[in-house]
Amino acid sequence: QVNLVESGGGLVQAGASLRLSCAASGTIYSQYHLGWFRQEPGKEREFVASVHWRNNKKYYTVSVEGRFTISRDAAMNTVDLQMNSLKPEDTAVYFCAAATTTPWGPTNRRSYDAWGQGTQVIVSS
């Protein structure tokens, strides 16, 4: 059982940066993927970024490539999302998630079986 707690959300202006952090309790095995998803009201939760715990391979959705960076610290059991050049369309609740296996791939939310409670990010224009 993995428990995830996010922190670092807030209200910023367009162009600013935010860093989200996710603390994981429980054992993160080497084959896990840890990821970030986001959800706007009335919309489906969408993939943002993920990282393989052992080999550090990273995945990003197209809209955040070059602006967001996912990183993991295996010693601290944390996964962070550095968000730069934020846009109003990045406004959403951001969720940290863990996948023990990825039968639908590391970018599909159906692969993820542990979720944090979410942290709100608001980007004003």
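Here the structure is a predicted model, which means the values were calculated and not measured.
Among pairs with a residue in residues 90-111, none fulfils ring-ring contact (aromatic ring centres under 6.0 Å, His included), at least two apart in sequence or across chains. Note on residues 15-88: pairs passing disulfide (SG to SG under 2.5 Å), not counting sequence neighbours, are C22-C96. The list of ring-ring contact (aromatic ring centres under 6.0 Å, His included) pairs with a residue in residues 62-83, not counting sequence neighbours, is empty.
Distance alone, capped at 3.5 Å, is enough to place a donor-acceptor pair between the E6 side chain and the G118 backbone. At least one donor-acceptor pair under 3.5 Å links the side chain of D90 to the backbone N or O of K87. A donor-acceptor pair under 3.5 Å is absent between the side-chain atoms of Q31 and the main chain of T101, judged by distance alone. In this structure, Y60 contributes its side chain and I70 its backbone to a donor-acceptor pair below 3.5 Å. For S111 (side chain) and G105 (main-chain N/O), a donor-acceptor pair under 3.5 Å exists by modelled atom type. A donor-acceptor pair under 3.5 Å is formed between the side chain of Y112 and the backbone N or O of P106.
The hydrophobic cluster containing M83 does not contain F37, counting ILVMFWY residues as joined when their side-chain heavy atoms lie under 4.5 angstrom apart, directly or transitively. L4 and Y29 fall within a single hydrophobic cluster, where Ile, Leu, Val, Met, Phe, Trp and Tyr side chains are chained together by heavy-atom contacts under 4.5 Å. Tracing side-chain contacts under 4.5 Å through hydrophobic residues (I, L, V, M, F, W, Y), one reaches Y59 starting from W115; they form part of the same cluster. A continuous path of Ile, Leu, Val, Met, Phe, Trp and Tyr side chains, each step under 4.5 Å between heavy atoms, connects V12 with L81, placing both in one hydrophobic cluster.
Residues H52 and R72 have side chains not in contact (no heavy-atom distance under 4.5 Å, counting atoms from C-beta outward). Side-chain contact between V5 and Q117: present, with at least one pair of heavy atoms (C-beta onward) separated by less than 4.5 Å. Using a 4.5 Å cut-off on side-chain heavy atoms (C-beta onward), T61 and T107 make no contact. Using a 4.5 Å heavy-atom cutoff, the side chains of T91 and V121 are not in contact. With a 4.5 Å cut-off on side-chain heavy atoms, R38 and R45 do not count as touching.
Applying the side chain to side chain contact (heavy atoms under 4.5 Å, CB included) test to S85 and every residue at least two apart in sequence or in another chain returns R67. Listed by chain and residue number, D80 satisfy the side-chain hydrogen bond (donor to acceptor under 3.5 Å, both in side chains) test with S21 (two or more places apart in sequence, or in another chain). A search for side-chain hydrogen bond (donor to acceptor under 3.5 Å, both in side chains) contacts involving T100 returns D113, not counting sequence neighbours.
Checked by atom type, the side-chain pair S17/N84 shows a donor-acceptor distance below 3.5 Å.
Scanning all heavy atoms of the two residues, the minimum distance from S71 to K58 falls at CA-NZ, 4.5 Å. Contact record, T78 with W53: O-CH2, 3.8 Å, taken as the closest heavy-atom pair. Of all heavy-atom pairs spanning A14 and P88, the tightest one is CB-CD, 4.1 Å. Taking every heavy atom of both residues into account, Y32 and T27 meet most closely at CE2-O, 3.7 Å.
A salt bridge is defined here as a Lys NZ or Arg NE, NH1 or NH2 lying under 4.0 Å from an Asp or Glu carboxylate O, and R109 with E46 fails to meet this definition.
Environment of CD in Q120: crowded, with over 12 heavy atoms of neighbouring residues, nucleotides or ligands closer than 6.0 Å.
Here S25 contributes atom OG and N77 contributes atom CG; the two are 8.5 Å apart, rounded to the nearest 0.5 Å. The line from NZ of K57 to CG of N55 is 7.5 Å long, rounded to the nearest 0.5 Å.
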Yes or no on ring-ring contact (aromatic ring centres under 6.0 Å, His included) for F47 and W36, after CA distance, side-chain angles and deciding distance? CA-CA 7 Å; F47 171 77; W36 288 92; over 10 Å; no
